[in-house]
Each structure stands twice: as structure tokens, then as C-alpha cells.
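The structure appears right after this line, and notes come after that.
Predicted model only: the values in this text are computed from it and were never measured.
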Amino acid sequence: MKIQLIQADLQWGDPAKNRAYFEAEIMKSNAADLVVLPEMFTTGFCTLPKGVAEPAGSDTLDWMRKVARAKDAAVAGSVAVQEDNRFYNRFYFVRPDGSYAQYDKHHLFTYGGEHMEYTGGTERVVVEFRGWRILLQVCYDLRFPVWSRNRNDYDLALYVASWPESRIAAWEALLRARAIENVCYVAGVNRVGSDPVCRYCGGTMLFDFKGGEVVHAANDMIQVVEATLDRDGLDAFRAKFPALDDADMFTLDKR
């Protein structure tokens, strides 16, 4: 599978401009199977969603379907969504045929007040696409390894984020840790630039199933990076080093 990760500077609260930017970047990029965008890629990380969040099944979801079809690639990223009088930080994974999966961010960022307006999701979501099982995660979820623990049910974890520069060392360390402990590929897509609260330096990267760095976008640069995932190598390593088979059994209480 060929994956593209788009590290961008988001226009604050302007979905139309952000969609236009990403569409231009995606269409001029090389062919890929999967394109991953940052957290809340249409607005920036907005903790006051009234007047900014889109209705479920909105223009952005239609746009993702259009781009996925035109590019013959899955398009993934999170959007601020309003549904049934509640707000969600919703990660859409849209396939070329128009079908999609969605994951609502489970761990809301209380330090930034996200929990005051948004409702946390309760379902862990793994999607299947072109022979790969893919776990969907959003930003702060990265700090909670139990939620993403591999139960032999995924091969690639996607983390889309608005992770501030002040804590970027933790971002890099935790992405690598998730790859090692879950014997999987891990892609983290972060933004650059600033919003009214934080500055972001990027750090978009992909780690392999041994924790090796496959690709790393330059800090403070708008950049599209890409890599090809080695399924045969992943399967061979898991057969040789079956750590997932020795994992502790547990269940999760849904909040």
C-alpha cells in the first residue's frame, strides 16, 4: 500500500479554503492508495464549535467522496461535526467507491477544553481497505495505549493531530512506542503554523512495525510525504516474533 501524509498550515475557521488547498495538493501528487490529512483539517483545532462545526453528511464528506473517487484512493482526516445537537471530532475514512467509516475521538483534550463542547466517542474503529486493517485515532488518543492496543485486529494505525510544538518530543516518542508495542505501522499526521492558541511545527511521520522511522516531514514546512508499506515484511516479522500472541487479555469499559 502506498500512503501519502499531508502536513499543512490550516486556514482558521475556513472550510472552503482548506478544502481547495487540499484538493490541489492531492490532485497534483503521485498516485497513492491512502491520503491522510490532519485533525480538523477544514477549520483548525476549534474547541468552540458553534457556528464552525458542519452537519453530519456535510459538504466536507461530499468533498472527500469526490476526491477519493477522482484519485482512486481512500481519503482520511477529522472534521468538527454537529449531529443531534452534539458536537464530535469525527475522523472520516472515505473509500473511492464513496463508502466510508467514521470514528469519533474518544479521549477529548480536557487541558484545552475540548470536553466542554464535544462528546467523546465510545467505539474503537478498525476499517479494512485493500487488504489492510487500519485503526483510526485522533491526537490525544495517542497518550492512552490501552485504547489502541492491538488485539491482532489491525496492521496500520493512523493518528491525525493538532499537536503543539511545545510537546512535539512526546509526539515522536509515543508514535514510535505505539508501533513497537503493537507490531504495526503507525502514521502520524500533524499540522504546521499557528491558530489563536498554539503554534505547530509538524513532525508528520511514519514508523514501521519495528519502530524504525520510514519517513519524516521537515519541521515547520508545508510538505507531502509518501511511503510504501511492506505487507510481506510485516507478516514475516509477526510470524517470526509473535509478541501479539503473548499479550495480556483485557476488556475495555465504555464511557
Side-chain angles (χ1 to χ4, degrees), residues 1 3 5 34 36-40 45 74 76-79 88-93 101-112 114-115 118-129 132-164 167-190 203-216 227 229 231 234-235 237-238 241-255:
M1 173 181 285
I3 185 171
L5 314 176
L34 172 59
V36 189
L37 313 178
E39 179 183 21
M40 292 195 190
F45 181 63
S78 95
V79 182
Y88 300 92
N89 187 342
R90 181 162 291 172
F91 190 162
Y92 286 120
F93 185 100
Q102 65 186 42
Y103 163 70
D104 292 331
K105 183 178 182 182
H106 179 61
H107 296 96
L108 300 177
F109 190 47
T110 55
Y111 181 79
E114 188 179 18
H115 68 299
Y118 289 85
T119 298
T122 59
E123 299 295 328
R124 182 176 174 275
V125 176
V126 176
V127 302
E128 293 194 12
F129 182 66
W132 289 77
R133 301 168 302 168
I134 303 169
L135 177 72
L136 309 183
Q137 300 276 275
V138 180
C139 202
Y140 195 43
D141 286 328
L142 181 60
R143 288 185 176 269
F144 302 93
V146 174
W147 184 244
S148 65
R149 184 62 177 158
N150 197 341
R151 307 169 195 172
N152 264 323
D153 61 349
Y154 71 86
D155 312 301
L156 165 66
L158 301 181
Y159 288 89
V160 299
S162 292
W163 196 285
R167 296 185 288 278
I168 199 64
W171 163 257
E172 296 183 8
L174 293 170
L175 286 172
R176 190 189 300 271
R178 298 295 87 81
I180 294 169
E181 71 195 10
N182 293 305
V183 196
C184 68
Y185 282 98
V186 170
V189 180
N190 195 28
T204 294
M205 59 184 64
L206 173 71
F207 289 101
D208 69 16
F209 43 87
K210 298 179 184 179
E213 185 180 297
V214 178
V215 67
H216 188 162
L229 309 187
R231 184 52 189 264
L234 171 61
D235 291 344
F237 183 75
R238 285 178 170 176
F241 188 78
L244 295 179
D245 294 340
D246 298 327
D248 299 311
M249 299 296 294
F250 65 93
T251 58
L252 285 170
D253 292 329
K254 296 179 181 179
R255 289 186 289 170

(message) Please determine whether a side-chain nitrogen of the Lys or Arg among R176 and D208 lies less than 4.0 Å from a carboxylate oxygen of the Asp or Glu.
(response) no

(message) Is a donor from one side chain sitting under 3.5 angstrom from an acceptor on the other, for D245 and N152?
(response) yes

(request) May I ask you to decide whether E39 forms a salt bridge with K105, counting only side-chain N to carboxylate O separations under 4.0 Å? (result) yes

(message) Looking only at side-chain N and O atoms, does D141 offer a donor or acceptor that is under 3.5 Å from a partner on H106?
(response) no

(request) Look up atom CG in L136 and atom OH in Y92, then write down how far apart they are to the nearest 0.5 Å. (result) 12.5 Å

(request) Write down the atom of L108, the atom of T119, and the distance for their closest heavy-atom approach. (result) CD1-C, 3.8 Å

(request) Would you name the heavy atoms of C139 and S162 that are closest together and state the gap between them? (result) SG-N, 3.6 Å

(message) Run the side chain to side chain contact (heavy atoms under 4.5 Å, CB included) test on N182 and Y154 for me, step by step, so that the C-alpha distance in whole Å, both residues' side-chain angles and the decisive distance to 0.1 Å come before the verdict.
(response) CA-CA 9 Å; N182 293 305; Y154 71 86; 3.2 Å; yes

(message) Taking the side chain as everything from C-beta on, heavy atoms only, tell me whether D155 gets closer than 4.5 Å to Y185.
(response) no

(message) Taking the cut-offs as 6.0 angstrom to the six-membered ring centre and 45 degrees off its axis, would you call R124 and W147 a cation-pi pair?
(response) no

(request) Search all heavy atoms of V160 against all heavy atoms of S78 and return the closest pair with its distance. (result) CG2-CB, 4.1 Å

(message) For L142 versus Y159, what's the shortest heavy-atom pair and its separation?
(response) CA-CE2, 3.5 Å

(message) Any non-hydrogen side-chain atom of F93 less than 4.5 Å from a side-chain atom of F129?
(response) yes

(message) Is it the case that the side chains of N190 and T204 hold a donor-acceptor pair, with the cut-off being a distance below 3.5 Å and no angle test?
(response) no

(request) Mind running side chain to side chain contact (heavy atoms under 4.5 Å, CB included) on D104 and T122 for me, showing each step along the way? (result) CA-CA 8 Å; D104 292 331; T122 59; over 6 Å; no

(message) Would C184 and R133 count as a side chain to side chain contact (heavy atoms under 4.5 Å, CB included) here? Give the steps.
(response) CA-CA 10 Å; C184 68; R133 301 168 302 168; over 6 Å; no

(request) Flag the pair N89 / M40 as yes when at least one side-chain heavy-atom distance between them is below 4.5 Å, and no otherwise. (result) yes

